[in-house]
Asker: 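One structure, pasted below without further comment.
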Amino acid sequence: MSKTTFVVGIDGSDAGERALAFAKSRAKAGDDCTIALCYVIEWSPFSFQTPEENEERHKRREEEISMAHSRVLDPAVEATKSDGCQVTGTVKHGDAAEILDNLAKQLGAEQIIVGRVGARGLKERVFGGVTGRLVASASVPVTIIP
């Protein structure tokens, strides 16, 4: 039997915690399963910024990555390991739907598991939420946890 990988999008929310709990239960039920946790910091390369903001951009990205690791990803990785699951973790900047799908392709994942969250502002009303975009474009099955 081949290795099974589940990509799980987490963001520190209750919905993300439920998605991780679902992935853990699926991983424990199977043989040789890995959970690939991914925290995505939404960041558009097309946003308009002042020259001063551009100078600070790299520093801000590094600070955001460090905070995402310490507050969300590292505790989730440790908790998942202590529950007896194989796990990896990564933090990336960009479009969450695109990054989760690309990670699933890269890892040969069986499915992507995410939590459902409500609309968060104008961008999501115009372009759709992460889960909607992911379901519409993903290359593997997507499970959305309420």
Side-chain angles (χ1 to χ4, degrees), residues 3-28 33-146:
K3 184 175 201 74
T4 301
T5 301
F6 302 119
V7 171
V8 181
I10 60 171
D11 60 1
S13 69
D14 290 341
E17 290 294 320
R18 289 189 300 275
L20 178 53
F22 177 79
K24 286 179 189 179
S25 69
R26 290 281 323 267
K28 289 178 184 178
C33 293
T34 297
I35 297 172
L37 298 178
C38 185
Y39 183 105
V40 180
I41 300 167
E42 290 279 336
W43 189 294
S44 171
F46 305 109
S47 62
F48 297 100
Q49 298 181 350
T50 66
E52 294 82 18
E53 289 172 326
N54 282 332
E55 289 176 15
E56 294 293 317
R57 189 171 188 174
H58 179 73
K59 181 181 174 188
R60 284 196 351 242
R61 284 176 60 118
E62 295 304 314
E63 289 171 351
E64 288 174 336
I65 289 171
S66 177
M67 251 193 302
H69 269 284
S70 65
R71 291 184 181 175
V72 179
L73 187 66
D74 293 346
V77 166
E78 289 306 313
T80 303
K81 281 181 186 174
S82 69
D83 285 342
C85 298
Q86 296 177 43
V87 62
T88 63
T90 187
V91 175
K92 300 214 178 238
H93 278 90
D95 178 74
E98 182 180 318
I99 287 172
L100 292 171
D101 186 46
N102 286 341
L103 184 60
K105 288 177 193 174
Q106 175 189 350
L107 299 175
E110 181 176 299
Q111 72 177 230
I112 300 169
I113 302 168
V114 293
R116 181 188 71 209
V117 292
R120 293 184 185 171
L122 180 62
K123 176 185 169 201
E124 290 197 5
R125 279 186 236 129
V126 173
F127 298 109
V130 170
T131 55
R133 292 192 322 272
L134 189 57
V135 167
S137 64
S139 58
V140 299
V142 177
T143 300
I144 301 171
I145 307 300

Asker: Counting only heavy atoms not in Arg71, do more than 12 sit closer than 6.0 Å to its CZ atom?
Answerer: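 No.
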Asker: So, do Lys92 and Ile41 sit near enough that their side-chain heavy atoms are less than 4.5 Å apart?
Answerer: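 No, every pair of side-chain atoms sits at 4.5 Å or beyond.
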Asker: So, applying side chain to side chain contact (heavy atoms under 4.5 Å, CB included) with Phe6, which one of Ile113, Leu37, Ile112 is it?
Answerer: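 Considering Ile113, Leu37, Ile112, a side chain to side chain contact (heavy atoms under 4.5 Å, CB included) with Phe6 is found only for Ile113.
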Asker: For the residue pair Lys24 and Thr80, establish whether any side-chain heavy-atom pair is separated by less than 4.5 Å.
Answerer: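 Yes; the side chains approach each other to less than 4.5 Å.
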Asker: Can you name the closest pair of heavy atoms from Val77 and Gly89 and give their distance?
Answerer: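 Nearest heavy atoms, Val77 then Gly89: CG2-CA, 4.1 Å.
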Asker: What I want to check is whether the side chains of Glu42 and His93 have a donor and an acceptor closer together than 3.5 Å.
Answerer: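 Note: Glu42 and His93 side chains miss the donor-acceptor criterion.
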Asker: Using side-chain heavy atoms (C-beta onward) and a distance below 4.5 Å, is Glu62 in contact with Lys59?
Answerer: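 The answer is no, as the side chains (C-beta and beyond) never meet within the 4.5 Å cut-off.
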Asker: On a heavy-atom basis, which atom in Ala104 and which in Val140 lie closest, and how many Å separate them?
Answerer: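 Looks like CB-CG2, 4.0 Å.
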Asker: Roughly how far, to the nearest 0.5 Å, is the CG atom of Asp95 from the CG atom of Asn102?
Answerer: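 Here the rounded value is 9.5 Å.
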Asker: When you measure from the side chain of Ser70 to the backbone N and O of Ser66, does any donor-acceptor pair fall under 3.5 Å?
Answerer: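 Indeed, once roles are kept as given, a pair shorter than 3.5 Å links the two residues.
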Asker: Work out which heavy atom in Ala23 is nearest to a heavy atom in Val8; give both atom names and the distance.
Answerer: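 So the minimum-distance heavy-atom pair works out to CB-CG2, 3.4 Å.
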Asker: Please confirm whether the backbone N or O of Cys85 pairs with a side-chain atom of Asp83, one donor and one acceptor, at under 3.5 Å?
Answerer: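 No, Asp83 side chain to Cys85 backbone: no donor-acceptor pair under 3.5 Å.
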Asker: Can you tell me how far the CG atom of Leu73 sits from the CG atom of Asp11, to the nearest 0.5 Å?
Answerer: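 These two atoms lie 12.0 Å from each other.
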Asker: Once rounded to the nearest 0.5 Å, what's the spacing between atom CZ of Arg133 and atom CG of Leu100?
Answerer: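 It comes to 10.0 Å.
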Asker: Go through the steps for Ile99 and Cys38 under the test side chain to side chain contact (heavy atoms under 4.5 Å, CB included), then give the verdict.
Answerer: CA-CA 9 Å; Ile99 287 172; Cys38 185; 4.0 Å; yes
Asker: In terms of side-chain geometry, is the basic nitrogen of Glu110 or Lys3 positioned less than 4.0 Å from the acidic oxygen of its partner?
Answerer: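 Not counted as a salt bridge, because no side-chain N and carboxylate O are separated by less than 4.0 Å.
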Asker: Measure the spacing between CG of Leu103 and CD of Glu98 and express it to the nearest 0.5 Å.
Answerer: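 The distance works out to 12.5 Å.
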Asker: Where is the tightest heavy-atom contact between Val72 and Pro75, given as atom of each residue plus distance?
Answerer: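 So the two residues come closest at O-CD, 3.4 Å.
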Asker: Measure from the side-chain N and O atoms of Arg18 to the backbone N and O of Pro146, and report whether any donor-acceptor pair falls under 3.5 Å.
Answerer: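 Indeed, once roles are kept as given, a pair shorter than 3.5 Å links the two residues.
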Asker: Hey, which of Val7, Thr143, Thr4 is the one that makes side chain to side chain contact (heavy atoms under 4.5 Å, CB included) with Gln111?
Answerer: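 That would be Thr143; it is the only one of Val7, Thr143, Thr4 passing the side chain to side chain contact (heavy atoms under 4.5 Å, CB included) with Gln111.
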Asker: Give the minimum heavy-atom separation between Ile10 and Gly16, together with the two atoms involved.
Answerer: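 Heavy atoms of Ile10 and Gly16 come nearest at CG2-O, 4.1 Å.
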Asker: Measure the OG1-CD distance between Thr5 and Gln106 for me, rounded to the nearest 0.5 Å.
Answerer: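 Thr5 OG1 to Gln106 CD: 11.0 Å, rounded to 0.5 Å.
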Asker: Distance check, rounded to the nearest 0.5 Å: Thr88 atom OG1 versus Ile35 atom CD1?
Answerer: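 Going from the OG1 atom of Thr88 to the CD1 atom of Ile35 covers 9.5 Å.
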